[in-house]
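Below, chain A is the first sequence line, B the second, and so on; all start at residue 1. Because the structure is a prediction, the values reported are computed rather than measured.
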2 protein chains.
Amino acid sequence: MVNTLIVGCGGIGTIAALNLQSGGKARVTTVLRSNYDHVKQHGFHIRSLDHGVVESFHPDTIRNTVPNLSEENIEPYRYIVCTTKNIADVPPSLSDLIRPAVTPGYSVIVLIQNGLNIEKPILDSFPQNIVLSSVSFCGSHEVGTGQIVHEDHDRASIGAFDNPNLDAQVQQKAAMDFVEIYKAGGKCSPEYQPNVGWTRWRKLLYNACLNSICAVTDLDTGRMQLADGATDNLVRPAMQEIRAAAKAYGHDLPEELVETMIRMDPITMYNPPSMQVDLRKGRYCEFETVVGEPLRAGLARGVPMPLLTALYHILRAVQWKTKERNGLVTIPEPEDHSVKR
Amino acid sequence: MVNTLIVGCGGIGTIAALNLQSGGKARVTTVLRSNYDHVKQHGFHIRSLDHGVVESFHPDTIRNTVPNLSEENIEPYRYIVCTTKNIADVPPSLSDLIRPAVTPGYSVIVLIQNGLNIEKPILDSFPQNIVLSSVSFCGSHEVGTGQIVHEDHDRASIGAFDNPNLDAQVQQKAAMDFVEIYKAGGKCSPEYQPNVGWTRWRKLLYNACLNSICAVTDLDTGRMQLADGATDNLVRPAMQEIRAAAKAYGHDLPEELVETMIRMDPITMYNPPSMQVDLRKGRYCEFETVVGEPLRAGLARGVPMPLLTALYHILRAVQWKTKERNGLVTIPEPEDHSVKR
């Protein structure tokens, strides 16, 4: 049994926990925040395309803090699976969050997170650790406290981010091992995919474009397909910009992928992607890793990206407003300008 | 006394009514909708930078329908002042709305409305009538039913749209007469400005850019000046696109106007421009005349306008959603995709 920690247990983390635990090869500890009390008592209620209805799923261990291995007598974690949102512009950083649980040179850090360049701060913080990438279209949401609805088959693409301090084969082996542990329950079909860059740029077609445009317009992916000209004038041109940026980094995303991504969610699912959900709930969204990083990457290689630039700065403005609401930004008091005399 | 009709009596229309009636040269009939009962009984309560506090303003005549001159025994209106929103993509058209009150060849139709090319459908419908343009930064809002807060001096620029069927001097005279009637009360300072195109493109710097970007980000004009990079990366580039489009039509908008417009609203006013207010209230916004028309005009003359293109299509998607909410658009029923087995 591989000792495994899952940090962040919303829609994606819970399905990961269920896959890992039901396979019987991992002992799963989950770190919960807002849903801790509820799940500790009742477990998760899950309606899943892969697993059917699971009335009450209890991870092996449920915690409300990240384990601190220097203070607690806990077996080191071999895999630390991170499924939190990656809000690069709002502290704490993921590195700071997981640091107490990481055993240098031993723990394999798995990032089941969106966006580009997300491994860089992790590798900076943990230069002797293997860091894996897992990319999936596991459309899974926590629709109420501890209530998970999972609407896309979990077909994760798993590979190692290149850590130049470590042997490449050792990193590959860790990725392949994780695939085996993850799929042991037989309910999902993850694949080892060594071309992590290609995999991540491919998903950016969805996330940098559909996800961000849904967030900005507050149209879900079904309505986006129905609304006047939205797909033709927003989604497709944005995806072409991402294709061009990916190409500048050697990743050839076939033209057909554009249509695949546009129609990935059936219209009648009316699926609000993650950033749209975040904005609806007044939460921070991960626009920096999902839009900002590919935009900066593309611009750095001279790729024109006018639409992504607009989307990025709109989302940045929206994020600023969320920061203001949360007290991270303060503004001058309002004054009455209506009557001067 | 010049018989004058005002159609639409929200923030802008009420200040126009007050200016016209208090000057003593116009007999004012107003057409109200949602605030009719309240205003009929209590009048408007106005807090105005130009007029001070007006506890109860009663227009000479208050109606809840557009007068129908073919059915009612009413003196023809010399001026028909239109201060409704101009929602070009949602019926009824302004022409259809005012048609029963228009006397062909006599009524002067005054458009105190935002946007470009708004006179075209009016001239098509009323080819023998003079149509005037009034452009103002009269920041006036109906903050509650019949409650008007007016925060910018009303310095309207008034001129005639060119009606090629009529004598130019007669059109000019009608515009100059209207200026006199409008300013007779001494509380505002409208100007006769024959270069209507320049005046309207100038205001588009504010409306196509700040107004639309505030609407899309839901940041007011104060927060727009405070938020990370929003002015530099959204507002200024959009204004440069409008300057370039205006230039393509022979209108030279000086560079300094960009900063003037950005700082027109003091930060501490935290002013939500009209389209932002509309979206907050779930209403249609006038993005077609304010963003769509200048965009189409610029593109028709080969001006690159990538940011305005993005803003236009985002607002179009948002408008589609409002149409869906109001039943103008219907969509397929949702289906449950979470559990297939």
- Yes or no on side-chain contact (heavy atoms from CB on, under 4.5 Å) for B:Y284 and B:D89, after CA distance, side-chain angles and deciding distance? CA-CA 9 Å; B:Y284 296 117; B:D89 56 325; 5.9 Å; no
Could you check whether B:Q276 and B:D220, counting side-chain N and O atoms only, form a donor-acceptor pair closer than 3.5 Å? no
Note: vs chain A, highest number of non-hydrogen pairs under 4.5 angstrom among B:P334, B:P306, B:A230, B:A310 is B:P334
Whatever's closer than 4.5 Å to a heavy atom in chain B on A:I213 counts as neither
The interface call for A:L234 against chain B, heavy-atom contacts under 4.5 Å, is side chain
Cut-off 4.5 Å, heavy atoms of chain B, and the answer for A:Q319 is neither
| query | Side-chain donor-acceptor pair under 3.5 Å between B:D232 and A:H313, yes or no? | reply | no
Any chance the side chains of A:E293 and A:N117 put a donor and an acceptor closer than 3.5 Å? yes
Value for CZ (B:R263) from CD (B:E259), rounded to nearest 0.5 Å, stands at 5.0 Å
From the list B:L226, B:L315, B:V318, the residue making the most non-hydrogen contacts under 4.5 Å with chain A is B:L226
Honestly, the part of A:L307 sitting under 4.5 Å from a heavy atom of chain B is side chain
- Query: Is it true that the side chains of A:S140 and A:H150 contain a donor and an acceptor less than 3.5 Å apart?
  - Reply: no
Counting heavy-atom pairs under 4.5 angstrom with chain A, the leader among B:M269, B:R223, B:K323, B:E333 is B:R223
Open item on the list: Could you check whether A:D154 and A:S136, counting side-chain N and O atoms only, form a donor-acceptor pair closer than 3.5 Å?
Closed with: yes
Bottom line for A:R316: the part with an atom under 4.5 Å from chain B's heavy atoms is side chain
Most heavy-atom pairs under 4.5 Å with chain A, out of B:D228, B:D218, B:T217, belong to B:D228
